[in-house]
Amino acid sequence: MFTPQESAWMQEALLLAEKGLYTTHPNPRVGCLIVKNGRGIGRGWHTRVGEPHAEVLAMQEAGEEARGGTGYVTLEPCAHFGHTPPCDEALISAGLSRVVASTLDPYWQVSGRGVKHLKQAGIQVDVGLLQEKARTLNKGYFKRHTQKVPWVTCKMAMSLDGRTALATGESKWLTGSEVKQAVMHLRAQSSAIITGVGTVLQDDPFLTVRGKETECQPLRVVVDSHLRSSEVAHIFSQPPTTLIATTSRDLKKTEAFQGRGVKVVRLPANSKGQVSCRSLLEYLATTQAVNEVLLEAGPTLAGSFLSERLIDEIVIFMAPKLLGNSAQGLFQLPFIQKLEEALPLQILHIKPVGYDWQIHVKPCYKNEVPPP
């Protein structure tokens, strides 16, 4: 259906979309390339909420020459008024003869409507070119609009023998400086970072993005079922507002946190009396428009997310060190009696990061067997 040249043009549009990797959320990352007579004449990508979309910027660069050309866009053009006017009308006004979109937009106010409007205006529309790449680029946006929860990436650091911290809880600087930069990349592209009260009490982290260009810091979320956190912890001293997810009804502590600008949200409890991880994700998706979550937590909270099948991918940084049998493991999971009860993982890629190794895996839930 599509030629190799068309694929190359859409690949260029995807590269344009990637320029908004750290800045567009909660909006999707979108790129657009206008082509006429075999050459690109207009390029654009969405940068941040409230600013022109990729299609508008590409047409501004192309000018009058856009008439009769083809627009390659990584997501179906929007068909509603939001912070900016609808892009489908702009494409129609520009006089394009054809629009190629990688994928339909899952957002209910757009899905299929943008394509319909373009076709009604006499523009040829083709959908599906490099679709999986476009959806992967906006995996959180797609999941939020289709499943009402964000995409969850769990980041862990471990020793060669699968340990994350000493028995005392000490875990800082297990991996090298190159890993710190890789973690900043993961944080910067996330809408929110979730950690647990145990990590806050043990490590007193900031959980901010440093050394990466980003429009704003991700929302920091502390899962603290019984409000055990210290009000003067570093994580509560950095803008923007940090959120505490709790089941506690302790009004005195709640008011103390709120007095320091911390938002306290009471959520349903699970069977153990702790914050329901699914309820937290649903809250973040529906009220905070969070597309992607980075889970940076200890084995207890990470194990809870994994047990509830809420983790989409795991990024493990493995240090060439041995911590021994008394050190803590990666995930606190229910007791497994038989090997066939183990959770299989699909290894997506492995690469060196300085002296350490990055292992990227996908949990295979529902007894799915990873491909050979």
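- To the nearest 0.5 Å, atom CD1 of residue Ile336 and atom CG of residue Leu343 are 8.0 Å apart.
- Not one N or O on the side chain of Lys36 forms a donor-acceptor pair closer than 3.5 Å with the backbone of Gly68.
- In this structure the side chain of Tyr283 reaches within 4.5 angstrom of the side chain of Leu243, judged on heavy atoms.
- A salt bridge between Glu341 and Lys338 is absent, with no side-chain N of the basic residue lying under 4.0 Å from a carboxylate O of the acidic one.
- Under a cut-off of 6.0 angstrom, the local environment of CH2 in Trp45 is sparse, with at most 12 non-hydrogen atoms contributed by other residues, nucleotides or ligands.
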Check step by step if side chain to side chain contact (heavy atoms under 4.5 Å, CB included) holds for Lys133 and Leu137.
CA-CA 6 Å; Lys133 288 187 176 182; Leu137 182 62; over 6 Å; no

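- At most 12 heavy atoms of other shown residues, nucleotides or ligands fall within 6.0 angstrom of atom CD in Glu64.
- The CG atom of Leu75 sits 8.0 Å away from the CD atom of Glu55 when rounded to the nearest 0.5 Å.
- Between atom OG1 of residue Thr208 and atom CD1 of residue Ile193 there is a gap of 8.0 Å, rounded to the nearest 0.5 Å.
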Check against side chain to side chain contact (heavy atoms under 4.5 Å, CB included), Lys155 and Phe317:
CA-CA 8 Å; Lys155 186 276 294 182; Phe317 296 99; 3.8 Å; yes

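- You'll find the side chain of Lys351 stays beyond 4.5 Å of the side chain of His360, heavy atoms only.
- Among residues two or more places apart in sequence or in another chain, the salt bridge (charged side-chain N to carboxylate O under 4.0 Å, His left out) test is passed with Arg220 by none.
- Between Pro150 and Val293 the shortest heavy-atom distance is CG-CG2, 3.8 Å.
- In this structure, Tyr355 places its OH atom where only 12 or fewer heavy-atom neighbours from other residues, nucleotides or ligands lie under 6.0 Å away.
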Is there a side chain to side chain contact (heavy atoms under 4.5 Å, CB included) between Leu310 and Val149 once you walk through the steps?
CA-CA 9 Å; Leu310 298 174; Val149 292; 5.9 Å; no

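- Thr164 places no side-chain N or O within 3.5 Å of a backbone atom of Ala157 that could act as its donor or acceptor partner.
- Considering only residues two or more places apart in sequence or on other chains, Glu313 meets the salt bridge (charged side-chain N to carboxylate O under 4.0 Å, His left out) condition with Lys139.
- Side chains of Glu292 and Lys143 form no contact here, defined as non-hydrogen atoms less than 4.5 Å apart.
- A side chain to side chain donor-acceptor pair (under 3.5 Å) with Tyr22 holds for exactly one of His185, Gln189, Arg187; it is His185.
- You'll find the side chain of Leu96 reaches within 4.5 Å of the side chain of Ile34, heavy atoms only.
- Between the OG1 atom in Thr247 and the CG atom in Leu227 there is a gap of 8.0 Å [rounded to 0.5 Å].
- To the nearest 0.5 Å, atoms CD1 (Ile314) and CD1 (Ile359) are separated by 11.0 Å.
- To the nearest 0.5 Å, atoms CG (Leu295) and SG (Cys277) are separated by 8.0 Å.
- Side-chain atoms of Asn138 and Thr103, non-hydrogen and from C-beta on, never get closer than 4.5 Å to each other.
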